[in-house]
Every structure is written in structure tokens, then in C-alpha cells.
Amino acid sequence: MEIRVRTAPSPTGIPHIGNTWSALFNFLFARKNKGKFILRLEDTDRERLVPESVAKIYETLHWLGLDYDEGPDIGGSFAPYIQSERKEIYRQYADELVKKGIAYEDNGAIRFKTNKEGKTGWVDLAGNKTIEFDNSTQEDFVILKSDGFPTYHLANVVDDHLMKISHVIRGGEWISSVPKHIMLYQAFGWELPQFVHLPLLLGVDKSKLSKRHGAKSVLEFRQEGYLREALLNFMALLGWSPPSGREILTLEEMINEFDLKDINLASPVFDVKKLEWLNGEWIRKLTIENLQLRIWEYLDKKYPQELIEKTIPLVRERIKKLSDYMNLAGFFFEEPKIEKGQFGNLALGHLKEALKVMEESEWQLDKLQDFLLKIVEKNKFKTGDFFMSLRLALTGQRVTPPIVESMVILGKEKTLARINRAVNL
RNA sequence: GGCCCUGUAGUCUAUCGGUUAGGACGCGACCCUUUCAAGGUCGAGAGACGGGUUCGACUCCCGUCAGGGCUACCA
């Protein structure tokens, strides 16, 4: 049997870590099992619909590299993956149940008549355990709303069946609705898919991650300078741990190791500190060329790539997010603001001495290093103070990349000019 | 309230009855060091509670408690 899974977001808001996380697990499962990963838009709630969010859903999935094999924006046939365009199909199925006497009309809506006897249960593949509900707890539920649109329950079951979904992998908030779904499958005489209910991703306040509780959109993380690799890596480690125990994994490695049996059922809490650490790890893992490209693009391609590239070895160990780059390396691109008040009493002496030798020095790291260290020795300067004076004159900041290396990149002309400027403040 | 899911350090997790309960983030200390990082070493820190079952429970069972989800003509 072919493995077919889907991620079925409803375009009622921008995709956040929570729903994207379950999309990732669907994706990993599909790729691992050589199956199909499908995108379906569940836009049956016309009141909460946010039209722009459709494009955001595509953008998020594309940015992360969670490429789907079937979906609304690929292939010639759009309608099958957008529920609002399948209204008539759901109506027909609802009518069928009415004819069979399993559903009935109620104030313009159609309600499913649940069987109150016995129990309904299934084996959930997350945790491989049976979950069972007493049918007496299941009330008659609406399957077709009075506006003619189906509810989640009907649309979901019909589409999953029609699209031959083999595994329904979704958030645990759906567990209590499964009996309704099973009853629908049975009413239609359809085969059940496998159910896999992931734990719920929790925010720091320990409640379900949602837009209302301030869940940030995935695109916002990109805006803040996080790498797709880090975000993916971070999400994968929530509720899942690879048998190898590795913490840093590429998408490819996650796919290789992925197995439903390694899903942990306790609801994980999103901890941004670990994301930051992972992002730093990934920044250091990228090649210089690649990191240069990311930074260049992140900064809207405003700065010369050659210069960015030269600075990478100096900054890659010092930034956790792409957005940290300009804070640290901005002085390479723009004249820093410096104020007299920043400098200590000895600074003038430091800078004047430095100027003397630097004008004669060859502009190479080892040469400059030698000359500068000799000044320190000769004048009995305190090494740290001396270099801090240079640092401030050149960058206007106390925290910077290694300063002599920075001077080499900055070039003789700019370096001397900035020091002169500081001396004449 | 009812039903359901879950319960190992602040956080993410390993453990498939026998371990000094392992790793990671974060935190602290030290080393390295011209700032800040990165890196290295060391350290503090966990089985919710109570009963069983067993020679032996974090692990299995029951209860309690706690957290969460659902309880909509929202998904």
C-alpha cells in the first residue's frame, strides 16, 4: 500500500511553529517511507478566513524545503486540494447519509446521528496504544453547516478517503474527535486510515501553541535571522529523538532516522534558547560562501558580497542569528559614530603611538601584530587598554571582531583615517 | 463538571525491570584570551505523590495530584 500523508492547514492565520511542526512530521514520514506528502487547504470556515495566509502557507513550506508532491499550487488541477471548491462533493455525501437515515436536517444544517451504544476505539500509532471512547459521550454533530460548507469532520473524512490518505498524522487536539470520524468512515463503508496523534506543542505558558497566545509565525523567525536548517532541526527535536541520539541533523538525516515509534507523547514546550544555540551551530556549519550569501540576502543585497565574505571568518563564531551580523560588523560598511567620552585618559597616547608605526607598517596581519605588540612593550602600555583604544577608534564599540584582523580587512587608508579622526576629537 | 491525553532537572530528551538515571540547551566555575565569542575541563540540577506486583521498579498495575486537549453550524 502506498503511503500518503497530508498536512491540512486552515488559512485562518499565518503558519506558526505548531502547525508547521506537524507538517514536518508528515513530511519526514512520507519521505522515509517513499510515500507522498500532500498539501490540502481546509478553508471551510468562511468567517475566520484570512486570504493572505494562503500565500504565507506556500511561502513557509517552500522556505523550509518541505516540498509537497501534490497540492493546490502545483499541477494543473487546483480544486482537489482546496475544500471551498469542493462544496458540492461534501453536499452529496451529506445527502447520502440523510437518505440512509444516518443524518438529519436541523435548522438548515445537517447533523450526523451518532450511535450511543458501545464503544469506539482505535490503535494510535503514536505510542502504539488503543484509545477508546464510550459512544454515549458522542453527541449528534453537524457535518454540513447552514451556509452549505462542510464542517472539519465531514470534509476531512471525505477528502482523506478520496485522496487515499494512508496515515492521518496530526495534532493531539483531534483525539477526541476521532470517534466522530470513525463513525463517518463506517457510515460510508470506507476503510479507516491509520491514526497518528502527535503531542501538543506548548508555548512557555504551557498552553497549546496558537496565534492567540502569541505564537510567532515561521516567517517571523526567518525575519529575525534564523536559518531554515536550524528551525527544522529544532522542530524535529520536539517530541522526537533520533535513535542515534544526534542533536544536529540535516533534513536528510532526519528522514533516514525517522520512525513513529520514537515519538514521545508528552507535550514539549518551545524553548527559544535552544533554537538560538542551534542557529549558532548551523551558522558555523555553513561554508563561508554559503553564509556570505545568506547574510547578503538577509541584508537585502545592500552590501558588497566580497567584503561580507572577507569578514565571515571573523564573525561566524560570534553571531547566533543573521540579524547579529550588522551589530558586530557594521563598522566595515559604515563610518562608526565615535565620541570623546568613550575613550579613557590614556587613549590619546595609545592612538598617537599606534599611528606612528602603522604608517610605516606593511599591511599584513603578522607585521601589524608585531609592530603593535612592540609599542605596547616599549611604552609599558597595558595590552588590553591599548587594543581597546584602537577598537573604539575604529569601530565605536567595545565588542567587536578581533581588531587587528579587522584592520587588515578595513585597509590602511580607512584605518589611519579613523584613528586620526579619533585623535582629533 | 464530563471525556481523553500526558507526567525523568528551568527546557528538549535517553532509559524498552537490574545503570553511580545518560546526553543537549540554559546556568556557575576554571582554562584559553587584546574585547566579545567559539572551544576545552569541571560542577550544580530530575524519576509528582501513595499503594501494589516483583528477588529487584523511573520502567508494569491501581489510586491521588498536576498540566494539557476536547466538550461550537472553529479548525
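Numbered from 1 within each chain, the chains take letters A, B, ... in sequence-line order.
When only modelled atom types and interatomic distance are considered, A/D43 and A/S84 share a side-chain donor-acceptor pair under 3.5 Å.
Ring pair A/W190/A/F188 is parallel by interplanar angle, where below 30° counts as parallel and above 60° as perpendicular.
A/G239 comes within 4.0 angstrom of sugar-phosphate atoms only, judged by non-hydrogen atoms across all strands, and of no base. Note on A/K261: nothing from the nucleic acid sits closer than 4.0 angstrom, heavy atoms only. Using a 4.0 Å heavy-atom distance criterion, A/T400 is classed as a base contact. Residue contacts shown for A/A266 are limited to sugar-phosphate atoms, with no base heavy atom under 4.0 Å away.
Only one option out of A/R6, A/E42, A/E70 pairs with A/Y81 in a side chain to side chain donor-acceptor pair (under 3.5 Å); it is A/E70. Across A/I169, A/V168, A/I38, a single residue satisfies side-chain contact (heavy atoms from CB on, under 4.5 Å) together with A/V5, and that is A/I169.
Note on A/E229 versus A/K285: no salt bridge recorded, every NZ/NE/NH1/NH2 to OD/OE distance being 4.0 Å or above. Salt-bridge formation is detected for the pair A/K356/A/E353: a Lys NZ or Arg NE/NH1/NH2 atom is positioned less than 4.0 Å from an Asp or Glu carboxylate oxygen.
Judged by closest nucleotide on RNA chain B, A/I319 is the one of A/E139 and A/I319 placed further toward the 5' end. In terms of position along RNA chain B, the nucleotide closest to A/L265 lies nearer the 5' end than the nucleotide closest to the other residue of the pair A/L265 and A/V404.
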What pairs of nitrogen or oxygen atoms, one from the protein and one from nucleotides 24-27 of chain B, lie under 3.5 Å apart?
{"unit_1": "B/A24", "atom_1": "O4'", "unit_2": "A/E247", "atom_2": "OE2", "d": "3.1"}
{"unit_1": "B/A24", "atom_1": "N3", "unit_2": "A/K274", "atom_2": "NZ", "d": "3.2"}
{"unit_1": "B/C25", "atom_1": "O2'", "unit_2": "A/K273", "atom_2": "O", "d": "3.4"}
{"unit_1": "B/C25", "atom_1": "O2'", "unit_2": "A/K274", "atom_2": "N", "d": "3.4"}

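Between the P atoms of B/U59 and B/G51, the separation comes to 13 Å (whole Å).
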